Amino acid sequence: MSLGKNIQFLRRQKKITQVRMAEMFSVTRQTVSRWELDEIVPELSRLVELSAIFSCKLDTLVRDDLVDSEEIYSEIKIKRVKGFTMARYVMITPNPEDDVNRYMDAWAERSGLLTIDPNAKRIGWDFPFVSLELQNRFALHGYVAAYILPSAFATDCTGVEYALQNDADYAKLTIYDPFAEYERIRNGYKRILDYLQANGFREKPQENILSCFEYVYEKEGKTCMDVYIHVDSVSKSDAFTNFS
């Protein structure tokens, strides 16, 4: 890990020149260059300012290796997601994501959805209402899969719940090759929460708005996962770091 490389990486990601950063901190351009070359370490107060400018926690700036993550994670952006109607189903099993995705794919075939819209988007998210006893004793977990429905779609096919999603603002991050390592997805969520300066999700989600969801797809022969976190469904924190 190199603090200097992290500063340089984030500065370039924000499209800030060394001269501009020097002006922001009332230092010389040479000082910024020495920060990035690890010749000197910025004072703690300036590190806190840097984390605020870069929209990351101080721990992330100081401890993580952000340069190596460049090919794994995209830049985080705020995106307005228009409302939609979805057909969804939840499963609680030892392998719920694969199980419920297969179920919803079969439903999409039976219902005629994939005939009308072969590119219908399937999204998913964790189902959090599984007791610790079930998780620990039986390795059970929950996952929801949903297909976003075209506006004119109608079917008599049963076996799903229909739900409405309202317009909402989401922080969006793309994870490239997300299943190569388990930690990639977990760290992707952590990056967005850090970006939003959030500790986690609110205890009570907002009505007709998903707190988060994932969309997995193939692009140019590579598996990608878009992660969306609703900007108003998280608990905020003013703290940038936790040294414990």
Side-chain angles (χ1 to χ4, degrees), residues 1-2 5-16 54-56 60 64-89 91 95-126 143-151 153 165 167-196 210-231:
M1 188 282 299
S2 167
K5 288 182 179 179
N6 283 349
I7 293 173
Q8 182 185 71
F9 170 74
L10 292 170
R11 174 181 63 76
R12 289 176 174 174
Q13 193 176 67
K14 289 287 186 179
K15 297 180 173 59
I16 301 173
F54 296 145
S55 301
C56 71
T60 301
D64 289 359
D65 194 338
L66 301 178
V67 179
D68 286 348
S69 301
E70 185 176 9
E71 295 182 358
I72 300 175
Y73 303 103
S74 72
E75 181 181 356
I76 299 171
K77 295 183 178 180
I78 302 297
K79 177 180 176 64
R80 184 72 170 178
V81 176
K82 293 184 178 181
F84 53 83
T85 300
M86 70 183 107
R88 65 188 183 188
Y89 196 76
M91 282 191 177
N95 190 23
E97 186 170 351
D98 289 343
D99 293 341
V100 75
N101 282 341
R102 282 194 294 268
Y103 178 90
M104 286 304 301
D105 287 347
W107 177 88
E109 289 281 359
R110 293 197 314 272
S111 67
L113 172 62
L114 296 183
T115 301
I116 295 174
D117 184 4
N119 297 316
K121 182 181 291 187
R122 189 191 68 206
I123 61 175
W125 60 94
D126 287 334
Y143 197 81
V144 184
Y147 267 100
I148 297 175
L149 304 177
S151 58
F153 179 74
Q165 162 79 8
D167 293 0
D169 291 326
Y170 285 85
K172 176 191 172 186
L173 168 75
T174 300
I175 307 173
Y176 302 106
D177 200 9
F179 304 110
E181 300 169 330
Y182 169 76
E183 290 297 319
R184 289 192 179 188
I185 299 175
R186 180 178 178 182
N187 289 336
Y189 275 89
K190 180 178 181 295
R191 279 171 171 260
I192 302 180
L193 291 174
D194 286 352
Y195 177 86
L196 296 172
L210 298 173
S211 298
C212 65
F213 62 91
E214 307 162 351
Y215 171 50
V216 178
Y217 56 96
E218 297 291 323
K219 183 176 181 180
E220 298 177 355
K222 180 180 289 188
T223 301
C224 302
M225 174 188 283
D226 290 345
V227 176
Y228 294 78
I229 292 184
H230 182 223
V231 297

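The shown structure was predicted, so the numbers you read here are calculated from the model rather than taken from an experiment.
- Rounded to the nearest 0.5 Å, atoms CD1 (Ile229) and NZ (Lys172) are 14.0 Å apart.
- When all heavy atoms of Ala171 and Ile192 are compared, the closest pair comes out as CB-CG2, 3.5 Å.
- In this structure, the separation between OG on Ser2 and CD on Gln8 is 8.5 Å, given to the nearest 0.5 Å.
- With respect to the salt-bridge test (charged N to carboxylate O, under 4.0 angstrom), the residues Asp167 and Lys82 do not qualify.
- For Lys77, the side-chain hydrogen bond (donor to acceptor under 3.5 Å, both in side chains) test picks out no residue, with sequence neighbours left out.
- Legend: side chain to side chain donor-acceptor pair (under 3.5 Å) pairs involving residues 106-117, not counting sequence neighbours: none detected.
- Thr85 and Gln165 share no donor-acceptor pair across their side chains, judged by distance under 3.5 Å alone.
- Residues satisfying the side-chain contact (heavy atoms from CB on, under 4.5 Å) test with Tyr215, not counting sequence neighbours, are Lys121, Ile123, Tyr217, Asp226.
- Smallest separation of non-hydrogen atoms from Pro178 and Ile185: O-CG1, 3.7 Å.
- The CG atom of Asn101 lies 3.5 Å from the CZ atom of Arg122; values are rounded to the nearest 0.5 Å.
- Counting all heavy atoms, side chain and backbone alike, Glu218 lies closest to Thr223 at OE2-OG1, 2.7 Å.
- Between the side chains of Asp105 and Tyr147, at least one donor-acceptor pair of N or O atoms lies under 3.5 Å.
- Note: Trp125 CH2 to Phe213 CZ = 8.5 Å, rounded to the nearest 0.5 Å.
- For the residue pair His230 and Leu210, the shortest heavy atom distance occurs at CB-O, 3.5 Å.
- Across every non-hydrogen atom of Glu183 and Tyr73, the tightest pair is O-OH, 4.0 Å.
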Side chain to side chain contact (heavy atoms under 4.5 Å, CB included) between Asp126 and Tyr143, intermediate numbers included: CA-CA 4 Å; Asp126 287 334; Tyr143 197 81; 3.3 Å; yes
